[in-house]
Number of protein chains: 2
Amino acid sequence: MAALQKSIDKRNSLIKATIGLVNNNGFHATPMSKIAKMAKVSPATIYLYFENKQDLVNQTYIEVKAAYTNYAFATYHKNMSVEQGFEIIWKRIADFKLKDSENAMFLAQCDNTPMIDETSRQEGIKHLEPLLELWNRGIEEGIIKPISEYLLYAYAINPLSFLMMSAQRSAFTLDTTHIEEAYVAAWNSIRVIK
Amino acid sequence: MAALQKSIDKRNSLIKATIGLVNNNGFHATPMSKIAKMAKVSPATIYLYFENKQDLVNQTYIEVKAAYTNYAFATYHKNMSVEQGFEIIWKRIADFKLKDSENAMFLAQCDNTPMIDETSRQEGIKHLEPLLELWNRGIEEGIIKPISEYLLYAYAINPLSFLMMSAQRSAFTLDTTHIEEAYVAAWNSIRVIK
DNA sequence: ACATAAAAAATGAACGTTCATTCTTTTTTT
DNA sequence: AAAAAAAGAATGAACGTTCATTTTTTATGT
């Protein structure tokens with residue numbers, strides 16, 4: 001195998017191990033030694049790919065966040081109507097959180113703890129631009145309530161994280177009916193009701 | 001001062017120190033030595049009040065959760081209409097999260113990490129009974145959508161946590177206008193729209 | 001093609017530090 | 001004076017990171 005590919009594989013397996021262990025134990029309860037063991041690598045090798053533990057988790061965060069937003073916006077185009085655009089993006093996000101719940105859980109933990117550097121967090125937010133643009137367009141067209149983007153996000157998108165966490169932790173199982181109901185609730189919370 | 005009162009004070013200041021330090025640094029990055037220092041107590045003394053670090057944080061969680069739900073349901077009575085009841089509880093919760101953001105942040109972090117024992121988490125959930133009862137009544141009366149309590153919570157209550165965290169972390173400031181807008185969004189997401 | 005030497009990558013063991021917890025002594029209360 | 005509470009110092013384990021060596025890869029000359 002080409003040396004470059006081997007390097008990429010090793011880095012990927014380190015990132016994957018980090019996600020798995022942090023999900024189960026939290027940042028500070030996952031030692032580098034365990035990450036190394038899970039990735040089948042020596043602890044010292046991690047430091048060839050990452051500066052230190054903080055750098056490893058920052059890079060993991062940015063990478064997972066990029067994969068998430070790529071997936072979310074993959075089928076969206078700027079010439080769609082606001083309703084269409086919102087439904088498509090919302091359902092892609094739901095899809096990601098259901099199917100790729102390992103990654104989704106990791107993002108949720110990062111977004112709710114002081115685990116990630118502030119700069120890396122900012123970097124992650126940047127990727128959400130298309131959604132903010134869509135909302136602004138919706139507000140201009142009188143379709144979406146003229147409220148802060150924080151409120152829009154809180155009611156339209158974030159509840160999906162909560163649902164995913166509930167499904168992970170309790171006996172609650174998220175099926176397609178729930179997703180449709182959740183979509184209706186999301187849309188009703190942010191649209192202008194006449 | 002009475003010895004009993006002194007004991008209570010010492011325990012309270014340990015719990016307060018725990019909340020402050022965990023909020024800023026996370027569970028595993030707050031050493032017992034720092035908690036002791038902030039509470040003006042010897043590290044050894046902590047072990048007279050709590051079994052170990054995990055027990056300290058579990059008890060802190062349960063105590064804060066109880067204060068939260070007490071506040072949330074203080075002005076609610078079972079003979080209120082569903083609309084009234086929901087508005088009153090919702091706004092009390094908003095009030096708590098705004099005014100007592102230290103405690104609210106602590107709960108948010110506990111609820112989004114593997115920091116708390118599963119049993120303590122369950123214990124915390126119990127206190128929400130009155131709200132679940134209200135929702136069931138709302139569903140029976142055809143006022144609230146007949147969907148899972150997880151969905152109701154995700155759209156009606158949890159967004160407030162997200163908003164509080166955003167306000168803490170970014171330049172975003174939550175004022176009374178936002179709260180009213182958020183309340184309308186919450187209600188529209190869970191009520192039956194005719 | 002192949003042997004070989006230089007370079008790079010990877011390793012396991014070791015280091016210094018930090019932490020939760022305990023032990024022994026001192027202080028405070030009864 | 002006895003008992004209880006509190007203290008600071010000590011302990012052992014675990015951690016992130018680095019160091020000295022070994023293994024693997026790459027480049028070179030035949």
Side-chain angles (χ1 to χ4, degrees), chain A residues 1-61 106 109-110 113-117 120, chain B residues 1-61 106 109-110 113-117 120:
Chain A
M1 197 193 305
L4 178 65
Q5 186 54 48
K6 238 176 110 179
S7 260
I8 293 172
D9 288 350
K10 209 163 272 190
R11 189 173 177 282
N12 283 342
S13 78
L14 280 168
I15 285 187
K16 197 159 193 182
T18 302
I19 294 167
L21 289 167
V22 168
N23 275 350
N24 281 317
N25 310 107
F27 174 56
H28 279 96
T30 70
M32 295 295 259
S33 57
K34 270 195 196 166
I35 295 174
K37 196 164 284 176
M38 184 171 264
K40 287 178 183 161
V41 138
S42 158
T45 305
I46 302 181
Y47 292 84
L48 300 174
Y49 293 84
F50 305 95
E51 244 177 73
N52 49 38
K53 194 183 179 186
Q54 186 64 56
D55 181 48
L56 164 61
V57 81
N58 283 342
Q59 287 200 40
T60 302
Y61 173 72
F106 181 77
Q109 192 170 167
C110 290
T113 61
M115 182 173 130
I116 296 291
D117 278 356
S120 300
Chain B
M1 197 192 304
L4 178 64
Q5 185 56 47
K6 237 177 108 177
S7 261
I8 293 173
D9 288 350
K10 210 164 272 193
R11 190 175 177 282
N12 283 342
S13 76
L14 280 169
I15 284 187
K16 196 160 193 181
T18 303
I19 294 167
L21 288 168
V22 168
N23 274 350
N24 281 316
N25 309 107
F27 173 57
H28 279 95
T30 71
M32 296 295 259
S33 56
K34 270 194 195 168
I35 295 174
K37 196 165 285 177
M38 184 171 263
K40 287 177 182 161
V41 137
S42 157
T45 304
I46 301 180
Y47 292 83
L48 300 174
Y49 293 85
F50 304 95
E51 243 177 74
N52 50 38
K53 193 182 178 187
Q54 187 64 55
D55 181 48
L56 165 59
V57 80
N58 283 343
Q59 287 199 40
T60 303
Y61 173 73
F106 181 76
Q109 193 170 167
C110 290
T113 62
M115 182 173 129
I116 296 291
D117 277 356
S120 301

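Here is how names work: the chains are called A, B, and so on, in the same order as the sequence lines, proteins then strands, and each is numbered from 1.
Contact annotation: the side chain of A:I19 approaches that of A:I15 to within less than 4.5 Å [non-hydrogen atoms, C-beta and beyond].
Per the geometry, CG belonging to A:N52 stands 17 Å off P belonging to D:dC15, to the nearest Å. Atoms OH (B:Y47) and C1' (C:dT21) sit 5 Å apart, rounded to a whole Å. Look at CD on A:E51: it is 10 Å from P on D:dT17, rounded to the nearest Å. As a whole-Å value, the separation of A:D55 CG from D:dT17 P is 10 Å. Taking atom CG on B:D9 and atom C1' on D:dA5, their separation rounds to 15 Å, with Å as the unit. For the pair B:I46 CD1 and D:dG8 C1', the computed distance is 13 Å after rounding to whole Å.
In the region residues 12-37 of chain A, proximity to DNA chain C at under 4.0 angstrom, judged on heavy atoms, holds for none of the residues.
Rounding to the nearest 0.5 Å gives a distance of 7.0 Å between OG1 of B:T30 and CG of B:N25. The CG atom of A:L14 sits 8.5 Å away from the CE atom of A:M32 when rounded to the nearest 0.5 Å.
Of all heavy-atom pairs between B:V22 and B:Q109, the closest is O-NE2, 3.2 Å.
Cation-pi geometry between B:K53 and B:F27 is met: the NZ or CZ atom falls under 6.0 Å from the ring centre, inside 45° of the normal.
Although no hydrogens or angles enter the test, the distance criterion places no donor-acceptor pair under 3.5 Å between the side chain of A:K10 and the main chain of A:I46. Not one N or O on the side chain of B:D117 forms a donor-acceptor pair closer than 3.5 Å with the backbone of B:S120. A:Q59 places no side-chain N or O within 3.5 Å of a backbone atom of A:Q54 that could act as its donor or acceptor partner.
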Got a list of protein N/O to nucleotides 9-14 of chain C N/O distances below 3.5 Å?
residue: C:dA10; atom: OP1; partner: A:K10; partner atom: NZ; Å: 3.0
residue: C:dA10; atom: OP2; partner: A:Y49; partner atom: OH; Å: 3.0
residue: C:dT11; atom: OP2; partner: A:S42; partner atom: N; Å: 3.1
residue: C:dT11; atom: OP2; partner: A:T45; partner atom: OG1; Å: 2.4
residue: C:dG12; atom: N7; partner: A:S42; partner atom: OG; Å: 3.0

